[in-house]
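Single-structure report; data block below.
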There are 2 protein chains.
Amino acid sequence: MTSGVGTAAPGRALAHPDRDRLALERVLHALADPVRLSVVGVLAETGEELPCSAFALPVSKSTCTHHFRVLREAGVIRQVYRGTAKLNALRRADLDARFPGLLDVVLTARRRADGA
Amino acid sequence: MTSGVGTAAPGRALAHPDRDRLALERVLHALADPVRLSVVGVLAETGEELPCSAFALPVSKSTCTHHFRVLREAGVIRQVYRGTAKLNALRRADLDARFPGLLDVVLTARRRADGA
DNA sequence: AGCCTTGTACGATGTCTCTCGTACTTAACG
DNA sequence: CGTTAAGTACGAGAGACATCGTACAAGGCT
């Protein structure tokens with residue numbers, strides 16, 4: 001049987017870089033885009049796993065897929081299939097372990113820069 | 001007369017973004033390049049104003065000019081003409097004021113990522 | 001079963017980025 | 001004044017990136 005229910009991890013798994021191999025330049029590049037930065041901001045604020053459709057980004061669906069892939073390949077988010085949706089979670093623990101403070105600093109800077 | 005000696009600020013001045021207008025995405029993008037990141041690392045370590053020629057970068061002179069311009073336009077460094085040379089200084093105070101902790105976090109992360 | 005929602009894959013396109021070489025400017029130094 | 005040293009300007013080319021639309025796959029809902 002291909003699992004009884006399989007609500008958690010049915011389909012194929014996606015490739016995620018190891019925590020020890022996160023590349024700083026890659027992470028910085030991933031964060032250096034307004035769309036992706038806002039995604040990370042929302043994920044950090046809610047602290048939840050959210051499907052791509054929950055972000056209301058000002059780009060098309062295919063562009064959306066592209067940005068989430070960049071974030072995943074840089075190691076910023078973790079993506080898991082769940083039914084037809086794909087849940088996105090911030091890899092906060094991994095990022096904090098590898099680049100201590102980076103995420104918080106960027107998020108804080110983003111808020112400040114946003115309102116000023 | 002156009003100033004008696006003029007060893008400090010003779011030629012035309014270069015455009016630098018205001019401290020209050022530094023854009024986070026621009027700064028992140030500027031730091032997301034290995035060549036520029038190494039420049040910032042050297043400037044931070046020495047704490048000195050250094051001419052472009054002091055960096056021994058693995059790129060040509062024109063590419064060098066390009067990278068320093070990106071850093072300057074993002075507001076990461078300040079450039080001042082001095083004779084035929086151009087001195088580069090890290091805008092640490094401005095960066096710390098605008099994006100507290102960002103520079104230190106990136107520099108620390110870079111060292112750690114470097115050796116691991 | 002059929003439909004709808006969610007996201008992927010693929011190709012196309014225009015822009016930006018990194019890189020270079022060559023020619024030029026600017027200033028110091030003899 | 002001529003030479004040298006440090007950068008700049010101006011193309012130019014190769015590659016990456018952001019964007020889109022259309023066609024497709026996979027899973028729930030009725």
Side-chain angles (χ1 to χ4, degrees), chain A residues 2-15 23 25-39 49-74 77-89, chain B residues 1-15 23 25-39 49-74 76-89:
Chain A
T2 45
S3 85
V5 183
T7 38
R12 65 264 130 177
L14 292 159
E25 293 144 24
R26 225 175 158 84
V27 171
L28 290 175
H29 171 250
L31 298 177
D33 178 279
V35 173
R36 294 192 290 260
L37 195 50
S38 92
V39 166
E49 295 190 314
L50 296 172
C52 303
S53 54
F55 291 90
L57 300 174
V59 294
S60 75
K61 256 196 314 182
S62 9
T63 304
C64 208
T65 297
H66 161 68
H67 284 305
F68 279 96
R69 180 170 42 215
V70 170
L71 286 171
R72 188 191 73 233
E73 292 180 344
I77 65 173
R78 171 163 285 120
Q79 297 188 293
V80 182
Y81 281 106
R82 168 131 189 226
T84 81
K86 189 156 76 170
L87 296 182
N88 303 280
Chain B
M1 57 178 85
T2 46
S3 88
V5 182
T7 36
R12 68 262 128 183
L14 292 160
E25 294 143 24
R26 227 176 157 82
V27 171
L28 289 176
H29 170 249
L31 298 177
D33 178 279
V35 173
R36 293 192 291 261
L37 196 50
S38 93
V39 166
E49 295 189 315
L50 298 172
C52 303
S53 53
F55 291 89
L57 300 174
V59 293
S60 75
K61 255 199 309 184
S62 10
T63 302
C64 208
T65 297
H66 161 69
H67 284 305
F68 279 97
R69 179 169 43 215
V70 171
L71 285 171
R72 189 191 73 235
E73 290 180 346
V76 178
I77 65 172
R78 172 163 285 121
Q79 296 188 292
V80 183
Y81 282 106
R82 169 131 191 226
T84 81
K86 189 156 75 169
L87 296 181
N88 303 280

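Atom set for the values below is all heavy atoms of this structure, side chains included, hydrogens, waters and symmetry mates excluded. Residue numbers begin at 1 in each chain, while the letters A, B, ... track the order of the sequences.
When each of C:dA28, C:dG7, C:dT19 is scored by its nearest atom to the side-chain atoms of B:H66, the top-ranked nucleotide is C:dT19. The side chain of B:T65 has D:dG7 as its nearest neighbour among C:dG7, D:dT19, D:dG7. Each of D:dA6, C:dA9, D:dG27 was ranked by its minimum atom distance to the side chain of A:T84; first place goes to D:dG27. The nucleotide whose nearest atom lies closest to any side-chain atom of A:V35 is, among C:dC18, D:dT19, C:dT6, D:dT19.
In this structure, B:L87 places its CG atom 12 Å from C1' of D:dG7, rounding to the nearest Å. Rounded to a whole Å, the CG atom of A:L31 is 16 Å from the C1' atom of D:dC17. The CZ atom of B:F68 sits 18 Å away from the C1' atom of D:dA9 (whole-angstrom rounding). In this structure, A:R72 atom CZ and C:dT8 atom P are separated by 8 Å, rounded to whole Å. Remark: P of D:dG27 and NZ of A:K86 are 13 Å apart, rounded to the nearest angstrom. Atom CZ of B:R82 is separated from atom C1' of D:dA5 by 15 Å (rounded to the nearest Å). When rounded to the nearest whole Å, the span between NE2 of B:H67 and P of D:dA6 equals 20 Å. One can place OH of A:Y81 at 14 Å from P of D:dA25, the figure rounded to the nearest angstrom.
The NZ atom of A:K86 sits 6.5 Å away from atom OG1 of A:T65, with the distance rounded to the nearest 0.5 Å. One finds the NE2 atom of A:H66 at 7.5 Å from the CG atom of A:D33 (value rounded to the nearest 0.5 Å). B:C52 SG to B:H67 NE2: the interatomic distance, rounded to the nearest 0.5 Å, is 12.0 Å.
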Quick test: give all pairs of protein nitrogen or oxygen and nucleotides 20-24 of chain D nitrogen or oxygen below 3.5 Å, distance rounded to 0.1 Å.
residue	atom	partner	partner atom	Å
D:dC20	OP2	A:S60	N	2.7
D:dC20	OP2	A:S60	OG	3.3
D:dC20	OP2	A:T63	OG1	2.9
D:dG21	N7	A:S62	OG	3.0
D:dG21	O6	A:S62	OG	2.9

Is there any protein nitrogen or oxygen under 3.5 Å from a nitrogen or oxygen in nucleotides 12-15 of chain C, and what are the pairs?
none

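Note on the helix from C:dA1-D:dT30 to C:dG30-D:dC1: angle between the axes of the first and last five pairs equals 20°, rounded to 10 degrees.
In terms of heavy-atom proximity, B:E49 sits nearest to B:A89 at CG-CB, 3.7 Å.
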